[in-house]
Amino acid sequence: MKNNQVVYPGSFDPITMGHVDIIKRLAKSFDRVVVLVSSNAQKKFLFTAEERKKMVLDALKGTKNLKVDIFDGLTTDFMKQKKIDKIVRGLRAVVDFEYEMTMANINRKLAPNIETLLVFASPEYYYVSSRGVKEVALNGGALKGLVPENVKKPLAAKLKSLKRKNDAF
Ligand code: ADP
């Protein structure tokens, strides 16, 4: 096992300042942070996996120990392939807790040697979510402080291209 590496899996549809904050904090504590962009075919995303990956990379330009991968499958299978044994998830309000606990336990069942670490959202970002950001953008609200600068243009363009507002979620 490569000990000082973590995988931070998620949709990142799109990456928000909450995600950026978690990734920067992890990059200080671990030798390598692998952001794993999910390309789960069963899930509906606004952006393609490649677009989401590019936005993560652009938002975190200069973070040397960051890697961004795309994976369609179980996070634990990716981790076994890469020999990484720590998953990190972010925790915002109490509503995240049950979902994260369930996921951590499913993953423990699938791969008992892989540990899930939970990191609390910083207070200034605890209310920020990709869904919320899309909602704000769809309704013409200001995105300042919610998403990295590089996300603003692609988000506006993507939302403009939608036939129905509901397709954003
Ligand atoms: P998923 O669809 O897997 O939940 P997300 O991209 O929504 O993917 O979130 C990825 C991870 O980041 C999750 O653990 C989520 O709780 C966490 N997260 C999302 N927004 C924030 C935030 N503002 N602060 C801290 N963690 C966050």
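For this chain, numbers begin at 1 and follow the sequence in order. One-based numbering, in listed order, for ligands and for the atoms of each.
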Heavy-atom proximity to atom 10 (C) of ligand 1 ranks first, among S130, A121, G90, P9, for P9

Judged by heavy atoms only, the candidate from T75, V128, V37 nearest atom 23 (N) of ligand 1 is V128

Notebook entry, point to check: Between R131 and F169, is NZ or CZ placed under 6.0 angstrom from the six-membered ring centre and within 45° of the ring axis?
Noted result: yes

At under 4.0 Å between heavy atoms, what of K43 touches ligand 1? The answer is side chain

Within the 4.0 Å heavy-atom cut-off, what V119 brings close to ligand 1 is neither

Does E100 come within less than 4.0 Å of ligand 1, judged by its heavy atoms?
yes

I'd like to know if Y126 contacts ligand 1, where contact means a heavy-atom distance under 4.0 Å to any ligand atom. no

What I want to check is whether the side chains of [X] and [Y] have a donor and an acceptor closer together than 3.5 Å.
| X | Y | answer |
| --- | --- | --- |
| S130 | D13 | no |
| S122 | R25 | yes |
| S11 | K43 | yes |

Going by distance only, is there an N or O of Y99 that falls short of 3.5 Å from an N or O of ligand 1? no

What I want to know is whether T16 and ligand 1 share at least one N or O pair that is separated by under 3.5 angstrom.
no

| field | Short N-O contact, E115 and K86, less than 4.0 angstrom | value | no

In this structure, atom 2 (O) of ligand 1 is nearest to the protein heavy atom S11 OG, 2.6 Å

Partner of V88 under side chain to side chain contact (heavy atoms under 4.5 Å, CB included), picked from L26, V33, L118, T116, is L26

